[in-house]
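Data first, discussion second: the structure below is written as C-alpha cells.
Chain letters run A, B, ... following the sequence lines, proteins first, then strands; residues in each count from 1.
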There are 2 protein chains.
Amino acid sequence: MAQYSAQLDGLFDALADPTRRGVIRRLGRGPASVGDLAGEFPMTLPSFLKHVRALESAGIIRTSKTGRVRTCVLNRERLALAEDWLAEQRRIWEERTDRLEQFVAGTEEDQS
Amino acid sequence: MAQYSAQLDGLFDALADPTRRGVIRRLGRGPASVGDLAGEFPMTLPSFLKHVRALESAGIIRTSKTGRVRTCVLNRERLALAEDWLAEQRRIWEERTDRLEQFVAGTEEDQS
DNA sequence: CGGATAGTTAGCGCAAGGGCTAACTATTGA
DNA sequence: TCAATAGTTAGCCCTTGCGCTAACTATCCG
C-alpha cells in the first residue's frame, strides 16, 4: 500500500508537466522515436531526454533501442492507475452526497 | 489553452503527494478543519498548512475561516478536470487501436 | 483580564526539478 | 573509411518543494 502510494506519486508527478503530457498525447497515436518526439518541443535533446526518462521510470512509457534509434511506446495500464484513483475518490464523494440526500429527504418527511 | 495546461500542471502536481491525496480522500467524506485534518498526518502544523495552500491554489479545495477555525471543503469540479484529461487520452488511444484492428482485419481478408 | 486554542508568518536547510552547454559513444550509409 | 546522425552523459545554474523551529495574531472561554 505504501508502494502503491509511491507509484501514484511518480505517476501524478510525471503528469504535472506540459511536455510530458504532450508526449503521452502523441504516443496515444502510436510509437515514436526520441528524436521525432523531441522535434515537437522547444528545448534541447538532453533536456527532453530527461522527460522521457521521467515518463519511463513512472512506468507510463516503455522504450527500446534498435540500432541508434530509441523507440517509445505508451503503457496504458499505468495511466489507468491514475484513472482508478480518481474514480475511487469520486465513489467516496458520491456515497456521501447520496447519504446527504437521503438525510434531507428524511428531514422533509418529518416536517410533513 | 495555455491556461488550461497550466491548470493541469497545478492539478497533477497537487495530486503528486501522499499527504495531499490523503486530504482529498478525507474531504470526500465531508468538510473538516485544518487542525482536524492535520491530526492525521505526521508533520507539524506549518508544514501541513503548506499542503492545504497547495490544494487550495490548485482549486481542489476551498477554505473559509469563521472565528479562529478554517474549514476545508472539496471542490469536485476541479478533480473532474484531471479525470477529463485522462479520459481524452484514453479516447485517443482507443481510436488508434480500433483503426489498428480494422487494418489487421483487412489484411486477413486479403490473404484469404 | 488572561490563559488556552487555532492558525499563521518568517526564515532556514537541503534535495530535487528542469533548463542549458560541452563532449562523448554508437550506428549508419556514401 | 569517415562524416553525419541519434542518443547519451556529466556537470552547471537557478528555482521550487517540503520539512523544521520560533515567534506572532486572533479568537474563545473561565
Test side chain to side chain contact (heavy atoms under 4.5 Å, CB included) applied to Met43(A) and Thr19(A), step by step:
CA-CA 10 Å; Met43(A) 68 183 66; Thr19(A) 299; 3.4 Å; yes

Does Arg68(B) make a side-chain N or O approach to OP1 or OP2 of dA4(C) shorter than 4.0 Å?
no

Indicate whether OP1 or OP2 belonging to dT8(D) is found under 4.0 Å from a side-chain N or O atom of Lys65(A).
yes

Between P on dG7(C) and CD on Glu56(B), what's the gap in Å once rounded to a whole number?
13 Å

What parts of residues 29-40 of chain B reach DNA chain D, counting only heavy atoms under 4.0 Å away?
none

Can we say Arg90(B) and Glu95(B) salt-bridge, meaning some charged N sits less than 4.0 Å from an Asp/Glu carboxylate O?
no

Do Glu83(B) and Glu83(A) pass the side chain to side chain contact (heavy atoms under 4.5 Å, CB included) test, and can you show the C-alpha distance, the side-chain angles, and the key distance before you say yes or no?
CA-CA 7 Å; Glu83(B) 293 185 280; Glu83(A) 292 186 281; over 6 Å; no

Distance check needed: dG19(C) C1' versus Phe41(A) CZ, whole Å only.
15 Å

side-chain contact (heavy atoms from CB on, under 4.5 Å) with Leu27(A): of Val73(A), Asn75(A), Leu74(A), only one passes, and it is Leu74(A)

Going 5' to 3' through nucleotides 9-24 of chain D and flagging B where a protein heavy-atom sits under 4.0 Å of the base, S where only the sugar-phosphate is that close, and - otherwise, we get B--------BBBBB--

Quick one: does Arg70(B)'s side chain have a donor or acceptor within less than 3.5 Å of a partner on Val34(B)'s backbone?
no

Decide whether Arg53(A) and Thr63(A) meet the rule of one side-chain donor and one side-chain acceptor closer than 3.5 Å.
no

With a 3.5 Å distance limit and no angle check, can you tell me whether Arg20(A) reaches the backbone of Leu15(A) through a side-chain donor-acceptor pair?
no

Can you tell whether the side chains of Asp36(B) and Arg26(B) come within less than 4.0 Å, N to carboxylate O?
no

